[in-house]
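Because the structure is a prediction, the values reported are computed rather than measured.
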Amino acid sequence: MRLTLAVALTALVLIFALQNVAIVEVQFLFWSFRLPRSLLLFIVLGAGIIAGWFLRATLRRKRL
């Protein structure tokens, strides 16, 4: 069951990445760089996961 789920999820991620290969320009403060849209979305997803993890850890620490 887990192997099937992992294969299906991997296939979906691969399809997503292949369909979003368009290069986009990102401007942040004084920096400007170009990268594939799928990579940008994965970076933003990763940043959100990390921010949520830190927020959860902070709230847990305050509750104790």
Pairwise ring-ring contact (aromatic ring centres under 6.0 Å, His included) hits with a residue in residues 26-53, at least two apart
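Qualifying pairs: F16-F42.
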
Mind checking side-chain contact (heavy atoms from CB on, under 4.5 Å) for E25 and listing every partner two or more places apart, or none if nothing turns up?
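If we apply the side-chain contact (heavy atoms from CB on, under 4.5 Å) test to E25, skipping adjacent residues, the hits are Q27, S32, R34.
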
Take L35 and V26 through the test side-chain contact (heavy atoms from CB on, under 4.5 Å) and record every step on the way to the result.
CA-CA 8 Å; L35 66 160; V26 178; 3.7 Å; yes

Interatomic spacing from [atom1] in [X] to [atom2] in [Y] - rounded to 0.5 Å:
X	Y	atom1	atom2	answer
R60	L55	CZ	CG	12.0 Å
L59	R61	CG	CZ	10.0 Å
T10	L5	OG1	CG	9.0 Å
L45	S38	CG	OG	12.0 Å

Indicate, with yes or no, if V24 and L41 share a hydrophobic cluster defined by side-chain heavy-atom contacts under 4.5 Å among Ile, Leu, Val, Met, Phe, Trp and Tyr.
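Shared cluster, no.
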
Kindly indicate whether the side chain of P36, heavy atoms from C-beta on, has any atom under 4.5 Å from the side chain of I23.
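Yes - at least one pair of side-chain heavy atoms lies under 4.5 Å apart.
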
